[in-house]
Amino acid sequence: MSEAMKKYIDEAESALLHTYNRYQIVLDKGEGVHLYDIDGKEYLDFVSGIAVFALGYNYPGYNDALKAQIDKLLHTSNYYYNVPAIEAAKKIKEVSGMDRVFFTNSGAEAVEGAIKAARKYAYLKDGKTDHEIIAMNHSFHGRTFGALSVTGNPHYREAFQPMIGNIKFADLNDFDSVLACVNDKTCAIIMETVQGEGGIYPATEEFLTKVRTLCDEKDILLILDEIQCGMGRTGYMYAWQKYGVKPDIMTTAKALGCGVPVGAFLLNEKVGANSLVAGDHGTTYGGNPFACAAINKVLDLFKQDNIIENVNKVAPYLEKRLDELKDKYDFIVDRRGAGFMQGLVFNRPVADVINKALEKGLILINAGAEIIRFVPPLIITKEDVDDMITILDSCLGDL
Ligand SMILES: *Cc1c(COP(=O)(O)O)cnc(C)c1O
């Protein structure tokens, strides 16, 4: 490491609040599926800022669209209409099949809005204020209080009690555990269609279908968090589109802006017409023209360049190559996931593997202590997969 890089890291550790154990590199720029640190060292990126840079770096047309909007208008208040937000809302409706859009600045804020909409819907039905929400163990929905309250990792919640009230936890893919939590107060069931941070666990079609039927019978709202698994990552624009179910409320963020901080929660007409009204919810920056210009360009490029088609073309190859590693090393016990959201499950911690890969120019990330998570840009080729496997294989061989 250069003296300059070391100096920056020291400065970072004396100025930034230490809420992350950061990898010891200072990133400088990106191009395609590669990142470069300030010493000029190149890295193959299989993290994409944690499922954010779906288009990789400097994707043709994307930066220019942002620059054009910067020169036009960065921000208005939500008290006024702006064209990029109107266009973005129309496009999100089209790709999601949902009916109403509220733009946020982040994923956690989208989850907050989803929870508020669900509680308001239930409140308008019976006037009560003691409604319950069922969430899943091992889930991750964000760090703000509402989102944290439905995050199924007691360690994240413990020091910050009390959470928002009336949350119960069930197990993903265990319908009976959900049934055991349901009562007349239940207003919503929230889950990730594919759990990300908690260890890459896809919801099964059987489970989702049963939960959907239960929700229909009892007028409970199904909230699907698509913040990580959405935006084409599983080979569908939204992961739930693979199944014959549709959420009442869904959240999207991360790759929605491909680097510009933006999210949204989406409602079907039933919830849209019977929940949040003027004065109930708001945001200063959410849905501003700059953020929405990013969404518009991202969704246009997804369509124009068949981004999701590439996922469906290359993902089976990624799975095959990861399965080969699983067969080769007995400390790798499983491979699971969907599309470009894959987890390689070890029977030992993976931190040293990830650090070794970083030294060799490959950026990977974990999902829990014993799982390596693969969430690359959606534009990777089979050659990129081969390059990744070569480096990872050499790190594993060193163990
Ligand atoms: C990242 C993530 C969030 C939180 O999004 P932020 O933008 O970090 O607030 C919520 N849900 C899921 C599934 C996520 O992966």
Side-chain angles (χ1 to χ4, degrees), residues 73-93 96-135 141-151 162-167 185-190 215 219-227 247-253 256-257 260-296:
L73 184 63
L74 272 177
H75 181 75
T76 63
S77 156
N78 273 312
Y79 280 105
Y80 313 98
Y81 301 101
N82 76 75
V83 175
I86 297 165
E87 294 291 335
K90 278 197 309 195
K91 286 174 197 168
I92 291 181
K93 281 180 61 171
S96 68
M98 302 297 284
D99 299 305
R100 296 277 164 181
V101 181
F102 184 102
F103 291 113
T104 65
N105 308 292
S106 68
E109 278 176 79
V111 174
E112 297 291 326
I115 292 171
K116 280 181 73 174
R119 280 189 169 180
K120 181 74 191 290
Y121 177 87
Y123 172 79
L124 288 177
K125 266 198 312 187
D126 62 16
K128 294 188 176 145
T129 54
D130 60 351
H131 296 107
E132 297 179 356
I133 294 174
I134 301 171
H141 297 290
R143 302 296 197 149
T144 54
F145 267 102
L148 189 59
S149 300
V150 292
T151 288
M163 295 285 111
I164 68 166
N166 294 13
I167 310 293
K185 295 180 189 173
T186 311
C187 71
I189 299 174
I190 182 169
C215 288
D219 199 20
I220 295 167
L221 300 178
L222 175 60
I223 306 173
L224 291 181
D225 183 343
E226 290 264 343
I227 290 168
D248 299 293
I249 305 176
M250 63 162 279
T251 57
T252 176
L256 182 63
V260 171
V262 60
F265 63 94
L266 320 180
L267 313 173
N268 64 13
E269 197 55 44
K270 176 178 91 167
V271 184
N274 298 288
S275 61
L276 303 174
V277 294
D280 276 346
H281 198 54
T283 166
T284 296
Y285 272 128
N288 89 4
F290 179 67
C292 288
I295 298 173
N296 279 315

TODO: Look at the aromatic rings of Tyr285 and His75 and report parallel, tilted or perpendicular, splitting at 30° and 60°.
DONE: perpendicular

TODO: Kindly indicate whether the side chain of Val83, heavy atoms from C-beta on, has any atom under 4.5 Å from the side chain of Pro289.
DONE: no

TODO: Taking all non-hydrogen atoms of both residues into account, name the closest pair between Ala293 and Pro84 and its distance.
DONE: N-CB, 4.0 Å

Open item on the list: Give me the atom names and distance for the closest heavy-atom approach of Ser149 to Ile164.
Closed with: OG-N, 2.9 Å

TODO: For Asn105 and Pro261, indicate whether the former's side chain and the latter's backbone hold a donor-acceptor pair under 3.5 Å.
DONE: no

- [ ] Taking the side chain as every heavy atom from C-beta outward, state whether Ile92 and Phe103 have any pair of such atoms under 4.5 Å apart.
- [x] yes

Open item on the list: Return the CG to CG distance between Leu74 and Asn288, rounded to the nearest 0.5 Å.
Closed with: 7.0 Å

TODO: Can you measure from CD1 (Ile223) to CE (Met250) and round to the nearest 0.5 angstrom?
DONE: 12.0 Å

Open item on the list: So Thr104 and Phe265, do their side chains get closer than 4.5 Å, heavy atoms only?
Closed with: yes

Open item on the list: Taking the basic N atoms (NZ, or NE/NH1/NH2) and the acidic carboxylate oxygens, is any pair closer than 4.0 Å for Asp280 and Arg119?
Closed with: no

Task: Spacing of CD1 belonging to Ile249 relative to CG belonging to Leu221, to within rounding of 0.5 Å - done: 5.0 Å

Task: From CA spacing to verdict: side-chain hydrogen bond (donor to acceptor under 3.5 Å, both in side chains), Asn268, Asp248 - done: CA-CA 5 Å; Asn268 64 13; Asp248 299 293; 2.9 Å; yes

TODO: Work out which heavy atom in Ala147 is nearest to a heavy atom in Ala108; give both atom names and the distance.
DONE: CB-O, 4.2 Å

Task: Residue pair Gly287 / Ala85: nearest heavy atoms and the distance that separates them - done: O-CB, 3.7 Å

- [ ] Would you please indicate if the ring centroids of Tyr123 and His131 are separated by under 6.0 Å?
- [x] no

Task: Nearest heavy-atom neighbours spanning Gly113 and Leu276 - done: O-CD1, 4.2 Å

TODO: Rounded to the nearest 0.5 Å, what's the gap from OG on Ser106 to CZ on Arg143? Could you check?
DONE: 13.0 Å

Open item on the list: Counting C-beta onward and ignoring hydrogens, is there a side-chain heavy-atom pair between Lys125 and Cys187 closer than 4.5 Å?
Closed with: no

Task: Arg100 side chain reached by Val271 side chain, heavy atoms, under 4.5 Å - done: no

Task: Over 12 foreign heavy atoms within 6.0 Å of NZ, Lys128 - done: no

TODO: Ignoring hydrogens and angles, tell me if any N or O in the side chain of Glu112 forms a donor-acceptor pair with the backbone of Gly146 under 3.5 Å.
DONE: yes

Task: Distance, nearest 0.5 Å, that separates CZ of Phe102 from CG of Leu267 - done: 10.0 Å

Open item on the list: Check whether Asn78 reaches the backbone of Gly282 with its side chain - one donor and one acceptor, N or O, closer than 3.5 Å.
Closed with: no

Open item on the list: Are the side chains of Thr144 and Glu109 in contact, using a 4.5 Å heavy-atom criterion?
Closed with: no

- [ ] Determine whether Ile190 and Val111 make a side-chain contact, defined as any pair of heavy atoms from C-beta on separated by less than 4.5 Å.
- [x] yes

TODO: Over all heavy atoms of both residues, which pair between Ala88 and Ile295 is shortest? Give the atoms and the distance, please.
DONE: CB-CG2, 4.0 Å

Task: Donor-acceptor contact present, side-chain Thr151 to main-chain His141, <3.5 Å - done: yes

TODO: Kindly indicate whether the side chain of Asn166, heavy atoms from C-beta on, has any atom under 4.5 Å from the side chain of Asp130.
DONE: yes

